[in-house]
Every structure is written in structure tokens, then in C-alpha cells.
Protein chains: 2
Amino acid sequence: MPEPTTKSEPQETEQRIFEAALTVFASKGRDGARMQDIADRAGINRALLHYYFRTKQQLYQAVFAHLFQQYVNSFSESLQLDGTFGENLRDFIDRYIDYVREHQDMARLMMNENLAGGSLLGEHLAKAFATKGSPQQKMQQAIRKAVETGEIRPVCPRQTMLTIISSCAFFFLIAPTVKVMNPLAATDFDAFIEARKQHVFEVLYHGLALKGEAT
Amino acid sequence: MPEPTTKSEPQETEQRIFEAALTVFASKGRDGARMQDIADRAGINRALLHYYFRTKQQLYQAVFAHLFQQYVNSFSESLQLDGTFGENLRDFIDRYIDYVREHQDMARLMMNENLAGGSLLGEHLAKAFATKGSPQQKMQQAIRKAVETGEIRPVCPRQTMLTIISSCAFFFLIAPTVKVMNPLAATDFDAFIEARKQHVFEVLYHGLALKGEAT
DNA sequence: GTCTATATCTCGATAGAC
DNA sequence: GTCTATCGAGATATAGAC
């Protein structure tokens with residue numbers, strides 16, 4: 001064990017900054033975010049942000065890079081996708097929605113980056129693919145295989161992948177709108193999420209499967 | 001004709017401010033936007049922004065309200081949805097994607113507002129529904145009817161509507177990501193859009209239709 | 001209606017005490 | 001490692017000339 005620190009654990013503080021920064025960046029974007037807001041949310045002083053991460057830019061990039069790393073490592077690793085296409089599709093939808101549910105700020109941050117032009121996306125996406133393959137890549141490969149074996153209709157794997165993640169992620173990002181338009185989402189968002197899992201699977205499975213195959 | 005103005009048409013200037021403000025707000029959000037950027041893009045001075053719209057807040061709200069008005073009036077009016085469900089679905093998908101294509105900044109602005117909490121969404125959404133019904137409301141009604149007549153499987157109209165707009169709008173908002181992952185989207189986005197229209201219709205139609213009905 | 005100049009405030013970042 | 005105090009840049013907004 002190292003020598004005792006003057007005050008609380010430094011790692012703990014850095015973690016609090018990370019989480020606070022993620023939340024604020026996710027809501028307001030890189031330029032809209034205020035260092036004061038991040039400091040307040042982390043329960044520390046503004047100057048301490050600059051002690052850990054010299055500039056706002058570096059803090060933003062650190063958060064961004066960390067989320068990508070975490071996404072590839074924790075989500076992708078647990079994906080098997082070695083069953084029938086129907087099993088794989090349900091598994092992916094369930095896990096993807098669960099992951100986004102637990103990492104909504106990450107999804108919002110990525111969307112903000114896209115809206116702002118996405119200058120950071122290129123390198124990180126490329127790196128994620130180069131290492132172990134992203135969850136999307138895995139599922140896309142499963143779609144391609146199912147098309148080749150004739151398990152599903154001859155759809156474009158890329159378009160299909162886009163349709164799946166659209167159906168799974170979009171509603172989180174427009175949650176304020178969804179809660180205005182759907183009573184269930186407003187009163188019990190978790191119940192709404194479970195209903196959505198089932199709906200997305202049913203529609204997409206029937207939409208992809210060959211006629212004659214039922215659920 | 002009214003008396004001649006000192007310089008150029010005032011209406012023209014206000015319009016240019018509107019469009020410039022929309023683009024900047026759409027990219028950076030309400031707080032991230034800079035009045036200087038808007039003025040530059042509109043080709044005028046910063047002070048003139050305050051002459052037309054006193055504050056940044058008022059400019060933002062004016063742009064937001066105008067877009068809602070325009071959306072309900074121009075898009076909703078042209079929707080018929082009086083054919084078979086398949087015809088209605090294809091019609092909606094084509095028109096919705098075309099509308100978002102021509103109003104990408106509006107879509108981005110709405111997403112930014114959602115990400116920031118959506119405090120402006122409630123009243124405007126409520127007002128849009130109260131008047132003539134939004135395009136979404138119309139299509140949702142068509143889904144409900146098709147379920148009742150047995151034309152399609154007994155799906156939840158609200159969930160289905162969400163799946164349709166997710167599949168039609170999400171890819172515009174993450175265009176930077178899509179262009180990294182899909183070669184066609186990077187080289188010819190218009191061709192990609194047309195391919196997407198077809199894909200979304202096919203998957204969703206087969207996903208909703210009763211077995212035995214083909215395209 | 002449009003500009004220049006300026007007032008006022010807020011933000012990001014640093015210096016230095018503890 | 002954490003704070004207070006402060007500097008300087010850049011932001012919104014206003015005043016006043018044209």
C-alpha cells in the first residue's frame with residue numbers, strides 16, 4: 001500500500017470528475033458544457049478539473065476515449081451469437097438495449113459528437129474495428145451468414161444492422177419526446193423498455209425471416 | 001408597395017438570420033452556439049441579431065417554434081394515407097425520409113433539444129397535436145386501423161410508429177458515423193438514402209404483414 | 001436597417017496558499 | 001490534492017452614429 005494521501009483518494013476524485021463530465025458533455029455537448037457545471041456535479045472546485053485534466057478539450061477527449069474502450073471491452077466480449085439467427089437477434093436486441101439503458105450518457109455523448117460533425121469518431125471507430133471487432137460488426141457478420149445460408153431473406157447486412165440499432169437506441173435519445181407521446185414511457189420507463197425489446201424483436205424477426213418460419 | 005427601405009429587404013435579412021441560426025443551433029445546441037457564428041453565416045453584424053431578436057434565447061425559441069409550425073403545415077397536409085396499409089407505409093416512409101433529407105438541420109435541432117432535456121418540447125408537441133394532428137399521429141392512426149381490420153399483425157401502434165421513425169430518421173443524425181461504416185453512404189449519400197427507403201419498407205412491411213401476404 | 005464601439009458578464013485557465 | 005483569488009479571452013447585449 002502506498003503512502004497515505006493528504007485528503008481523500010485521488011482515484012475516487014478522478015472517477016467522480018469522469019462521471020460528472022460525461023453527464024454534462026452528454027447533455028450540452030463539448031462546446032455547450034461548462035467547467036463550472038462539471039465541478040459542481042463532481043462536488044469539487046473548478047481549479048481541480050485543470051489539475052487532473054489540463055484543459056476542457058483534454059477532459060472531453062479522455063471521456064470520449066474511455067467510453068469507446070469500455071464499450072468494446074465489456075459489451076462486445078460477452079456477445080456469443082452462435083445460435084440460430086432468431087436466437088442471435090433476440091440476444092443482440094436484449095443486450096444492446098440493456099447496455100444503452102445502463103450507459104445512456106454515453107449514447108447521448110456519441111450523438112452530440114455526431115451532431116457537431118464527428119471529428120473524433122473516425123479514428124476511434126477505426127481503432128475499435130481493428131482490435132476485436134465491435135458488437136455491431138459481430139452482429140452484422142451473423143446477418144451476412146444467415147443470408148448466405150438462406151436462413152433469412154437476402155437483405156443488405158449493413159442496412160439491416162442500421163435498422164436494428166436505430167430501433168434499439170433512438171428512443172433513448174429522444175426520451176423527452178417519447179415521454180410526451182407515450183403514457184407508459186412517462187409513468188414506467190422500465191416497463192416501456194421491456195415492451196420495446198419484445199416489439200423490436202417481433203417486427204424485425206418477421207421482417208427478416210423467410211415466409212413459413214414462425215417465432 | 002410600401003415605401004422603399006434604406007438598404008436591402010428586411011424580410012430577406014430576417015430569413016437569412018433564421019437559416020443561419022438554425023444551422024448553428026442544430027450543430028452546437030442552444031448553449032454551445034455562438035452569436036458570432038450565426039452572424040458570420042448570415043453575412044451580417046452581431047448587433048443586427050439583437051435588433052431582430054433581442055436575445056439569444058428569443059432567437060432560439062423563434063427558430064424552434066417556426067420549425068414546428070412548418071413541419072405540421074407543409075408535411076402533414078400532403079399526407080393522404082387512404083390506400084392499403086402497404087401503400088400507406090411506403091408513402092409515409094418515402095415522404096418522411098424526403099422531408100428529413102430536406103430539413104436535416106431541423107432534425108438535428110430537435111435532437112439537441114431532446115439531449116438537453118427537452119424543456120421546450122412539451123408545449124409545442126401538445127400544440128401540434130391539438131391543431132390538425134401531426135404526421136406521426138396520422139400514420140399511427142393508419143396502423144391502428146390496419147390492426148383492427150386484420151390487415152396486419154396485432155402490434156402496438158405506438159411502438160410501431162416509433163420503430164418507423166427510428167428507421168427513417170436516426171441515420172441522418174449519425175451521418176458521420178454511417179459514413180465511416182458504410183462505403184456507399186460515404187461516396188453517394190443520395191444513393192444510400194434511396195436504398196434505405198427500399199430496405200426500411202421491405203423489412204417493416206414483412207415485419208408487420210400477416211403471413212401469406214407478399215410485397 | 002446596419003454598422004462601430006463599448007459595457008458587462010462569464011468562461012477557461014493559472015498562480016499561489018494551505 | 002484541494003482550495004481561493006485572479007488574469008485574460010471571449011461571450012452576450014447595449015448605445016449611438018450613419
Side-chain angles (χ1 to χ4, degrees), chain A residues 1-64 109 112-113 116 119-120, chain B residues 1-64 109 112-113 116 119-120:
Chain A
M1 178 178 282
E3 53 195 86
T5 53
T6 313
K7 291 195 174 177
S8 60
E9 301 279 341
Q11 202 176 3
E12 186 187 319
T13 299
E14 191 168 347
Q15 183 61 25
R16 285 215 316 281
I17 293 176
F18 238 93
E19 293 170 3
L22 169 56
T23 300
V24 177
F25 281 132
S27 172
K28 300 297 193 64
R30 188 195 55 190
D31 293 348
R34 298 288 167 247
M35 295 295 268
Q36 182 68 62
D37 290 350
I38 298 174
D40 289 348
R41 185 171 285 267
I44 57 163
N45 191 274
R46 234 177 24 251
L48 208 53
L49 296 181
H50 293 92
Y51 173 79
Y52 281 97
F53 309 87
R54 284 186 53 77
T55 69
K56 187 186 182 183
Q57 285 291 334
Q58 288 186 33
L59 173 57
Y60 179 76
Q61 293 192 10
V63 170
F64 193 90
L109 186 78
N112 254 312
E113 180 64 19
S119 54
L120 283 185
Chain B
M1 178 178 281
E3 53 194 84
T5 53
T6 316
K7 293 194 178 178
S8 61
E9 301 279 340
Q11 202 176 1
E12 186 188 318
T13 298
E14 191 168 346
Q15 183 61 23
R16 285 215 314 282
I17 293 176
F18 239 93
E19 293 169 5
L22 170 55
T23 300
V24 177
F25 281 133
S27 171
K28 300 296 192 66
R30 187 194 56 191
D31 293 347
R34 297 288 167 248
M35 295 294 268
Q36 181 67 61
D37 291 349
I38 298 174
D40 289 348
R41 185 171 284 267
I44 56 163
N45 191 275
R46 232 172 31 243
L48 208 53
L49 294 180
H50 293 92
Y51 173 79
Y52 281 97
F53 310 87
R54 283 186 52 79
T55 69
K56 187 185 180 183
Q57 285 290 334
Q58 288 186 32
L59 174 56
Y60 179 76
Q61 295 192 10
V63 170
F64 192 91
L109 187 78
N112 254 312
E113 179 65 19
S119 53
L120 283 184

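No experiment lies behind these values; they were computed from the predicted model shown. Protein chains get the first letters and strands the later ones, always in sequence-line order, with residue 1 at the start of each. Basis for what follows: all heavy atoms, side chains included, without hydrogens, waters or symmetry-related copies.
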List the atom of [X], the atom of [Y], and the distance in Å for their closest heavy-atom pair.
| X | Y | answer |
| --- | --- | --- |
| B:R34 | A:D31 | NH2-O, 3.9 Å |
| A:E113 | A:L120 | OE2-N, 3.0 Å |
| B:I17 | B:L48 | CD1-O, 4.4 Å |
| B:F18 | B:V63 | CE2-CA, 3.5 Å |
| A:H50 | A:R46 | ND1-O, 3.4 Å |
| A:A20 | A:I38 | CB-O, 3.5 Å |

Using modelled atom types and a 3.5 Å cut-off, is there a donor and acceptor pairing between side-chain atoms of B:R16 and backbone atoms of B:A42?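 Answer holds: yes.
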Report yes or no: does B:K56 contribute a side-chain atom to a donor-acceptor pair with the main-chain N or O of B:R30 at less than 3.5 Å? yes
Is the phosphate of D:dT2, meaning OP1 or OP2, less than 4.0 Å from a side-chain N or O of A:T13? yes
Below 4.0 angstrom from OP1 or OP2 of D:dT2, is there any side-chain N or O of A:Y52?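 Checking A:Y52 against D:dT2: at least one side-chain N or O falls below 4.0 Å of OP1 or OP2.
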Rounded distance in Å - [atom1] ([X]) to [atom2] ([N]):
| X | N | atom1 | atom2 | answer |
| --- | --- | --- | --- | --- |
| B:D40 | D:dA11 | CG | C1' | 14 Å |
| A:L49 | C:dG12 | CG | P | 9 Å |
| A:I44 | C:dG12 | CD1 | C1' | 14 Å |
| A:L59 | C:dG12 | CG | P | 11 Å |
| A:I17 | D:dC3 | CD1 | C1' | 13 Å |
| A:Q58 | C:dG12 | CD | P | 15 Å |
| A:F25 | C:dG12 | CZ | C1' | 12 Å |
| B:Y51 | C:dT4 | OH | C1' | 17 Å |

Distance, nearest 0.5 Å, that separates NZ of B:K28 from CG of B:L109: 14.5 Å
Counting any heavy atom closer than 4.0 Å, what does A:A39 reach on the DNA or RNA strands: base, sugar-phosphate only, or nothing?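 No contact.
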Protein-nucleotides 14-17 of chain D N/O pairs under 3.5 Å:
from	atom 1	to	atom 2	distance (Å)
D:dT14	OP1	B:R54	NH2	3.0

Nearest to the A:K56 side chain among C:dT2, C:dA13, D:dA13, which nucleotide is it?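 Side chain of A:K56 sits closest to C:dA13.
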In degrees, rounded to 10°, what is the bend between the two ends of the helix from C:dG1-D:dC18 to C:dC18-D:dG1, using five pairs at each?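 The end-segment axes of the helix from C:dG1-D:dC18 to C:dC18-D:dG1 are tilted 0° relative to each other.
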